[in-house]
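Below: one structure, written as structure tokens.
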Amino acid sequence: MSDMKQIAILGAGTVGSSWASLFVAHGLSVRFFDAHEQTQSEAWKHIRANAAFLAKEGLADSSDYERGINALAAASSIEELVCDADFIQESVTESYDVKKAILGPTSEASRPDAIIASSSSGLLMTEVQKAIKHPERSVIAHPFNPPHLVPLVELVPGEQTSEQTVQAARVFFESIGKVPVVLNKEVPGHIANRLSAALWREAIDLVASGVASVEEVDKALHAGPGLRWAILGQHMIYHLGGGEGGYLNFIDHIGSTFSEYWKTMPTWTEIPEEVKEQIVRGVVEAQGERTLAEVSQWRDDKLVKLVKAVYGE
Ligand SMILES: NC(=O)c1ccc[n+]([C@@H]2O[C@H](COP(=O)([O-])OP(=O)(O)OC[C@H]3O[C@@H](n4cnc5c(N)ncnc54)[C@H](O)[C@@H]3O)[C@@H](O)[C@H]2O)c1
């Protein structure tokens, strides 16, 4: 059982407010702070709505939700935010400069044993923790958006992170229903975003080279492999794909056909300027008459059903 009770949300934008909603819905005492005044005031609305959604959908216990919502508070300074925090979830802008500038004073103002977890999508904790006092208590805890619904959290230690910190973070996240994955060593983009980056480059290239439209490429993902990916990863999928001989059979007999695909795939490392307009136009067409808020709500309604089907009782 985790003993994290007082949670500090540093940065309450897209990801910070979603994290806050999850913690609130699980009855934890949450305080949040964002440097941008409008984001700070809008966070109330987002956190309340998302936490209520989790309770309504049965993804959080109603008495936990009531306790969490009654304890929710905004802080007006870093000191007020972290003075008594057990766990600090940082979700400020993705930049070494921004994160290091705020995590220095945050670590000074917090208890030396409070865990400092960064939502960073791809920065290295070894670099970020250079600015942190007692760096052994800092770790990357990277969610997948939106963190209040998608179970994955990637835990990535930096060179100075202690094993105790990784374990405490793992126990904490498991206690609120997250699915932590612990990396042995750092790499830009961790696991899930590296996999996404490889796939995204190919998804762009398929459109740019005229193979299919944005809508068709996306459909080929969500109606096919995406359904399997909700329950199995690539290695196990191909182990099953190999029949009686399993993964080795798949590698020896089908793997070589993949070599032909790999030979024709792009290797660029900057999105080509000329395809930007094409893919943006394509996705706007796919959005159609729906507002972004409507598409997000539709996504969340479907995600809830998937999460319940795969991770429910
Ligand atoms: N958006 C995603 O899909 C996603 C998914 C997983 C992780 N992340 C990571 O989460 C972090 C936040 O991303 P986001 O998408 O929520 O960005 P965002 O722009 O929505 O929110 C960042 C917030 O940080 C605030 N901020 C910046 N400097 C601050 C400071 N010194 N003190 C307090 N608040 C400050 C900004 O005002 C802003 O509201 C990034 O590290 C990002 O890599 C994002």
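Between Thr165 and Glu136, the side chains place no donor N or O within less than 3.5 Å of an acceptor N or O (distance only, hydrogens not considered). With no hydrogens or angles considered, a side-chain donor-acceptor pair links Gln167 and Arg170 at under 3.5 Å. Between the side chains of Thr126 and Gln160, no donor-acceptor pair is found at a separation under 3.5 Å. Using modelled atom types and a 3.5 Å distance limit, the side chains of Glu90 and Thr106 yield no donor-acceptor pair. Between the side chains of Asp97 and Ser95, not a single donor N or O lies within less than 3.5 Å of an accepting N or O.
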Margin query: Phe53 vs Gln297, test: side chain to side chain contact (heavy atoms under 4.5 Å, CB included). Steps then yes/no.
Written below: CA-CA 11 Å; Phe53 183 69; Gln297 189 57 54; 3.8 Å; yes
Margin query: Applying side chain to side chain contact (heavy atoms under 4.5 Å, CB included) to His148 and Leu303, what does each step give before you reach the verdict?
Written below: CA-CA 11 Å; His148 69 281; Leu303 266 176; over 6 Å; no
Notebook entry, point to check: Checking side chain to side chain contact (heavy atoms under 4.5 Å, CB included) for the pair Leu54/His26: CA distance, chi angles, key distance, verdict?
Noted result: CA-CA 9 Å; Leu54 290 173; His26 286 278; 5.6 Å; no
Notebook entry, point to check: After noting the C-alpha distance and the side-chain angles of Leu183 and Ile140, does the key distance pass the side chain to side chain contact (heavy atoms under 4.5 Å, CB included) rule?
Noted result: CA-CA 10 Å; Leu183 276 69; Ile140 298 283; over 6 Å; no
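One hydrophobic cluster, built from ILVMFWY side chains closer than 4.5 Å, cannot hold both Val217 and Leu227; they sit in different ones. Both Tyr261 and Ile254 are members of a single hydrophobic cluster when ILVMFWY side chains are connected at heavy-atom separations under 4.5 Å. In terms of hydrophobic clustering, with Ile, Leu, Val, Met, Phe, Trp and Tyr side chains grouped at heavy-atom distances under 4.5 Å, Val150 and Val295 are assigned to different clusters. Hydrophobic clustering keeps Val275 apart from Leu221 (ILVMFWY residues linked when any side-chain heavy atoms are closer than 4.5 Å, directly or through intermediates). Under a hydrophobic clustering in which Ile, Leu, Val, Met, Phe, Trp and Tyr are joined whenever their side-chain heavy atoms come within less than 4.5 Å, directly or via other members, Trp229 and Leu206 fall into different clusters.
Below 30°, between 30° and 60°, or above 60°: for Phe258 and Tyr238 the angle between ring planes is above 60°, a perpendicular geometry. Ring orientation note: the planes of Phe172 and Phe87 are tilted relative to one another, at an angle of 30° to 60°.
Formation of a donor-acceptor pair under 3.5 Å by the Asp86 side chain with backbone atoms of Gln6 is found in this model. Side-chain N or O atoms of Lys308 include one that pairs as donor or acceptor with a backbone N or O of Glu57 at under 3.5 Å. Although no hydrogens or angles enter the test, the distance criterion places a donor-acceptor pair under 3.5 Å between the side chain of Thr161 and the main chain of Ser138. The closest donor-acceptor contact from the side chain of Glu42 to the backbone of Gly13 lies at 3.5 Å or more, if one exists at all. Side-chain atoms of Arg194 come within 3.5 Å of backbone N or O of Pro188 as a donor-acceptor pair. A donor-acceptor pair is defined here as one N or O able to donate and one able to accept, closer than 3.5 Å; such a pair exists between the side chain of Glu154 and the backbone of Ala192. Within the 3.5 Å criterion, the main-chain N or O of Val15 finds no donor-acceptor partner in the side chain of Ser18. Remark: side-chain polar atoms of Glu215 are not paired, donor with acceptor, to backbone N or O of Ala286 under 3.5 angstrom. Side chain of Asn70 to backbone of Glu66: a donor-acceptor contact under 3.5 angstrom is found. At least one donor-acceptor pair under 3.5 Å links the side chain of Tyr96 to the backbone N or O of Leu124.
Nearest approach of Ala25 to Ala60, heavy atoms of both residues: O-CB, 3.3 Å. What you find for Trp44 and Ala73 is that their closest heavy atoms are CH2-CA, 3.9 Å. What you find for Ala51 and Val24 is that their closest heavy atoms are CB-CG1, 3.9 Å. What you find for Trp19 and Ala141 is that their closest heavy atoms are CZ2-O, 3.9 Å. For the pair Ile47 and Ser17, the tightest heavy-atom approach, listed with the atom from each and the gap, is CG1-O, 3.6 Å. In terms of heavy atoms, Pro146 sits closest to Arg299 at CG-NH2, 3.8 Å.
Distance CG/Asn145 to OG/Ser296: 9.0 Å, rounded to 0.5 Å. Between the CZ atom of Phe173 and the CE atom of Met4 there is a distance of 9.0 Å, given to the nearest 0.5 Å. One distance of note links CG of Leu72 with CZ of Arg48; it measures 6.5 Å at 0.5 Å rounding. Taking OG of Ser21 as the start and CG of Leu149 as the end, the distance is 9.0 Å to the nearest 0.5 Å. To the nearest 0.5 Å, the span separating NZ on Lys45 from CG on Asn50 amounts to 11.0 Å. Atoms OG and CD1, on Ser162 and Ile115 in that order, are 7.5 Å from each other to the nearest 0.5 Å.
One finds a salt bridge joining Glu260 and Lys263 here, because a Lys/Arg side-chain nitrogen approaches an Asp/Glu carboxylate oxygen to under 4.0 Å. Residues Glu127 and Lys100 are paired through a salt bridge, judged by an N-O separation under 4.0 Å between the basic side chain and the carboxylate.
Annotation: side chain of Met125 is in contact with side chain of Glu186 (closest heavy-atom distance under 4.5 Å). Inter-residue side-chain proximity for Ile132 and Arg137 is flagged as met; some heavy-atom pair is nearer than 4.5 Å. Side-chain contact between Tyr311 and Leu306 is absent, with no heavy-atom pair separated by less than 4.5 Å. Contact annotation: the side chain of Leu232 approaches that of Leu240 to within less than 4.5 Å [non-hydrogen atoms, C-beta and beyond]. Residues Glu94 and Lys99 are in side-chain contact: their nearest non-hydrogen atoms beyond the backbone lie under 4.5 Å apart. A 4.5 Å side-chain heavy-atom check between Leu155 and Pro180 finds at least one atom pair inside the cut-off. Side-chain contact between Ile78 and Leu10 is present, with heavy atoms from C-beta onward closer than 4.5 Å. A heavy-atom distance below 4.5 Å is found between the side chains of Ile271 and Lys276.
When the options Leu103, Ile102, Asp34 are evaluated for a side chain to side chain contact (heavy atoms under 4.5 Å, CB included) with Val92, the one that passes is Ile102.
Ring to ring, Phe32 and Phe23 are not that close: their centroids are 6.0 angstrom or more apart.
By the neighbour-count criterion of 12 heavy atoms within 6.0 Å, atom NE2 of His253 is sparsely surrounded, having that number or fewer from other residues, nucleotides or ligands. No more than 12 heavy atoms of other residues, nucleotides or ligands sit less than 6.0 Å from atom CE of Met236.
For Tyr247, the ring-ring contact (aromatic ring centres under 6.0 Å, His included) test picks out His235, with sequence neighbours left out. Residues satisfying the ring-ring contact (aromatic ring centres under 6.0 Å, His included) criterion with His190, sequence neighbours excluded, are His142.
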